[in-house]
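Reminder, nothing fancy here: chain letters follow the sequence lines and each chain counts from 1. Predicted model, so just to flag it, every value in this text is computed and none were measured.
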Amino acid sequence: MLKTDNILSFMRSTEITPEKDGEQVVVAGWVHEVRDLGGLVFIVLRDREGFIQITLPKKVVDPETFRKARKVSRESVIMVEGTVKKEDKAPNGFEIIPKKFEILNESSAPLPLEVTEKVPAELDTRLDNRFMDLRRPKIQAIFRIKSQIVKSIRDFLYSEGFIEVQTPKIVSTATEGGTELFPISYFEKEAFLNQSPQLYKQILMSAGFERVLEIGPIFRAEEHNTTRHLNEATSVDIEMSFTDHEGVMKLLERLVAKVYEDVIQNCEKFLNILELKLEVPEIPFPRITYTSAIEIARKSQEIPWGEDLDLQALKTIGAELGGFYFITEWPTKIKPFYVMPFEDEKICKSFDLMYGYIELASGAQREHRYQKLVESIKAKGLRPESFEFYLKAFRYGMPPHAGWGLGLERFVMAMLNLSNIREAMLFPRDRTRVSP
RNA sequence: GCCCGGGUGGUGUAGUCCGGCCCAACAUGAGGGCCUGUCGAGCCCUCGCCCCGGGUUCAAAUCCCGGCCCGGGCGCCA
């Protein structure tokens, strides 16, 4: 029977070295492969950190253990107690000769996809069987790095005096216009899943939090079907009082550089698994105005001033600039109502952080003057009455403020050079997928 | 929403253009066997597939129609 003290004392693959030769250990994990040579059986055990070879010479191990081990199905969960043996012929220079070999849970066969990566699987098949897809070290590496990215973002922003908050995901109004919202059934009322914490983090500026951070889900009901859109994504949002767009751009580029530093320092193993070599991007990032950006885009297409940049335009600009850069001074009419215009009201204090042709973040100094804000809402064809809960916060002392929202999965995608944003989400929600 | 492309063993592909040589091939896998140094082990035997429904035809994986599902691009969007 399984002993609980074993569960508490088992070692992970990376904790064992050839120097532990002769020591008794307990290891646990999945049967990655079984190589049965007749009188000698090798079992490759896979755990969270790597692989361990379990070696069963017929003449050495007990016959019952030998029989059980050579018949165990791939991906079964096992716990092995045995002796570490220094062995140059074994991977990592050691192997384990088992005394006890316990099958904690037998796996069915055949498997829905190959964890060993001998046969590729399509993304759709992989996502349908994500629990197994995620067993592949390459896939797990993406989420180990994503975890580090989130930790790094938190650490950095906490050190800059940010307070982490949680704002509602169920909201009553179609907030910013632009994107489509998912309607939900909320008792007798109409409600939606929130597309962004924008209005709430601004209200918190009025509340005096001064610097807030939120990492949470956002929902977009767009019927897009591309490799860089999700219907549920994670947004890293910040809002900061007593600063302008320049202030939050500087914060953002420092954050990006810090995240790269931390990932390079702490995720070497996972970067190696992904065969990636990262460099900390140099800051400050180049800044180009919208007006000069369309000048570049005009090399390959017609584009009138005031139009949003389409993919073709962004590809032309991205090819010229490469890496990280900001596009600033956008036309006011293509940005949301809450952005602060310049003196010349045709352009606004809005910026996008780009990586190549991918938009990673978008931010601005916000309009904090009540009357101007109401006018701006009207100018977008929206009704100020439906924003009363928000506008109220601007009537009783709203400091000047600025902020941005960074798409976490897009950031992961950019850093790890993933070809599809779905790869950056454990259980992606797209146009057709709601399960698993 | 628009435009392309596609659905063949558990998985990934070939075959479809030009119907018959396909009661469908290859790899991986699964079941069994041999083998004491494998590390994508090797070798032998066996198992398993044409998305669904109509139609054309002597004959359909292949051609036509409808449906369902999926992928990509555009638009929109972060």
Handout entry: Within-4.5 Å side-chain heavy-atom neighbours: A:E359 and A:R228
Key = no

Fill in the blank from the handout: pair_partner(B:G42), Watson-Crick or wobble, both distances < 3.5 Å, evaluates to B:C34

Practice task
Give none if B:G75 has no partner; otherwise give the nucleotide forming a Watson-Crick or G-U wobble pair with it, both distances under 3.5 Å.
Solution key: none

Handout entry: For B:G5, the Watson-Crick or wobble partner whose two distances fall under 3.5 Å
Key = B:C70

Exercise for the section: Return no unless some side-chain N or O of A:N420 is found under 4.0 Å from OP1 or OP2 of B:G72. Expected result: yes

Problem - Span that lies between the P atom of B:G54 and that of B:C18, in whole angstrom - result: 26 Å

Exercise for the section: Please state the C1' separation for the pair B:G73 and B:U62 - nearest whole angstrom. Expected result: 28 Å

Problem - Watson-Crick/G-U partner (both atom distances under 3.5 Å) of B:G12 - result: B:C26

Exercise for the section: Return no unless some side-chain N or O of A:R126 is found under 4.0 Å from OP1 or OP2 of B:U11. Expected result: no

Practice task
Please step through side chain to side chain donor-acceptor pair (under 3.5 Å) for the pair A:S300 and A:T316, ending with a clear verdict.
Solution key: CA-CA 7 Å; A:S300 64; A:T316 310; 2.8 Å; yes

Practice task
Compute the centroid of each ring, for A:F337 and then for A:F387, and state whether the two points are separated by less than 6.0 Å.
Solution key: yes

Practice task
Please tell me which of the listed nucleotides, B:G1, B:C74, B:U13, lies nearest to the side chain of A:E122?
Solution key: B:U13

